[in-house]
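Each remark here refers to the structure printed beneath this line.
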Amino acid sequence: MNKIKIMVVFGTRPEAIKMMPVIKAIQQKPSEFQAITVVTAQHREMLDQVLHSFNIKPNYDFNIMHQGQSLGDITTEVLEKLSDTIQKTQPDIILVHGDTTTTFAASIAAFYQKKVLGHVEAGLRTWDKYSPYPEEINRQLTDVLSDLYFAPTEESKKNLLLESHSPKQIYVTGNTAIDALKETVNSNYHHETLDKIDPEHRIILVTMHRRENQGQRMYQVFQAMKDVLLKRPDVEIIYPVHLSPAVQKAAHEIFDNTKRVHLIDPLDVIDFHNLSARSYFIMTDSGGIQEEAPSMGKPVLVLRDTTERPEGLKAGTLKLVGTDYDKVKTEMLNLLDNTAAYQQMAQASNPYGDGKAAQRILAAIKGYFIKTTD
Ligand code: UD1
Ligand code: UDP
């Protein structure tokens with residue numbers, strides 16, 4: 001069998017973090033596989049942080065990001081540019097990750113060129129068209145178009161079966177987020193923001209960026225956080241603010257000049273994982289952070305109405321809190337003041353695999369091509 005040419009396409013920070021283990025695994029088997037790494041650069045600085053941390057040099061970089069980009073802009077630019085690159089390089093298989101607009105547009109491009117499509121992190125669902133928006137529909141459409149499904153858990157496999165995808169095409173691999181985590185957390189970690197914080201104080205690590213939360217919801221959540229901080233003088237917030245202008249505006253309007261709130265630039269992934277490990281708890285609407293926190297035993301208040309990560313809820317580490325001012329305040333105070341409630345959520349458990357997801361993905365791809373070339 002010839003080397004299998006695998007095109008790995010991604011565009012944003014979380015896709016880069018979770019595709020990195022797949023790229024590294026391909027590079028470790030040069031006699032069997034060849035990687036063609038394509039970044040759309042739907043994100044620029046936040047993507048480059050990951051590429052730099054893991055020393056990944058893409059073969060193609062479309063550099064599409066611009067301020068105020070619409071979903072239509074991202075879709076059309078990726079579709080057009082990726083179609084040309086697929087024609088030029090003729091990969092055997094194209095891998096996409098998760099649920100961004102890069103993911104969906106790359107999947108359509110693969111389909112138009114009749115290429116085999118593999119979906120890493122397939123099968124996550126809320127079954128709610130607008131929550132998260134547009135991710136729920138991006139991932140459903142990607143799964144309509146895929147040939148190989150790399151489902152992180154049995155739960156995500158069940159979702160794919162409910163949509164009548166063949167069990168022969170579904171591989172339960174674990175989540176590559178856990179593969180990535182193994183490379184980053186370090187017990188001798190140091191960060192300048194930590195030097196500014198009294199070691200006796202408790203740190204809440206915050207991120208928030210989802211499109212459906214921008215505007216009123218984000219403002220009321222931030223106000224609740226600020227009001228809780230006024231009541232609890234031993235608590236500090238570290239908030240690496242997403243570069244989206246809507247998020248920057250809300251965060252700075254509410255938190256500028258607030259004592260014990262540290263607004264900082266997005267962290268590189270090594271810093272973020274290590275600060276997570278040192279936090280008291282996390283508040284976020286991120287998807288990826290909901291996967292990482294359970295294995296660190298860090299309670300997470302999820303600032304969303306739905307989650308496609310029910311495994312973390314079952315494990316007890318995540319709590320769906322939404323964005324209502326009173327609810328957010330109550331849940332924060334409960335975690336800060338009620339030790340039993342805190343301890344119950346702080347049990348480390350990892351429903352997302354053993355850190356060998358990338359190896360399983362490559363084994364499945366190899367098996368697929370052996371079968372189809374027989
Ligand atoms: C995107 C994904 C979302 C994912 C998130 C991860 C879509 C529709 N959304 O959302 O699923 O959870 O990434 O963070 O695919 N910006 C910069 N520099 C950067 C990154 C972003 O300046 O490195 C600014 C730009 O002004 C850009 C804006 O943020 O236009 C929004 O970026 P975009 O990728 O459209 O949306 P995200 O909210 O980041
Ligand atoms: N992350 C990071 N720096 C930060 C915030 C988050 O490296 O300042 C990492 C985090 O560890 C996780 C991923 O980014 O692996 C999550 O990305 P994001 O929340 O932007 O997107 P989502 O997962 O919601 O799609």
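Counting starts at 1 for both ligands and their atoms, following the listed order.
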Counting heavy atoms only, which of [options] is nearest [atom]?
atom                    : options               : result
atom 9 (C) of ligand 2  : T207, D265, T12, I17  : I17
atom 22 (O) of ligand 1 : M65, E135, Q69        : M65
atom 17 (O) of ligand 2 : P266, P240, P14       : P14
atom 39 (O) of ligand 1 : H209, H43, Q67, R139  : H43
atom 8 (C) of ligand 1  : T103, I74, N213, T101 : T101

- Among protein heavy atoms, which lies nearest atom 20 (O) of ligand 2, and at what distance?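 Looking at atom 20 (O) of ligand 2, the protein heavy atom closest to it is R13 NH2, 2.8 Å.
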
- Closest non-hydrogen protein atom to atom 11 (O) of ligand 2, residue and atom name please, with distance?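 Ranked first by proximity to atom 11 (O) of ligand 2 is E292 OE1, 2.8 Å.
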
- Message: Show me which atoms of ligand 2 lie under 4.0 Å from any heavy atom of G288.
- Response: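 So the answer, numbered in order with elements, is 22 (P), 23 (O).
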
- Item | Which of the ligand 2 atoms, numbered from 1, are nearer than 4.0 Å to a heavy atom of S286 |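 Those of ligand 2 that fall under 4.0 Å from S286 are 16 (C), 18 (P), 19 (O), 22 (P), 23 (O), 24 (O).
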
Just heavy atoms, cut-off under 4.0 Å: does [X] contact ligand 1 by side chain, backbone, both, or neither?
X    : answer
T100 : both
R211 : side chain
S286 : neither

- Query: Does even one non-hydrogen atom of R210 get within less than 4.0 Å of ligand 2?
  - Reply: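 Yes, R210 has heavy atoms under 4.0 Å from ligand 2.
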
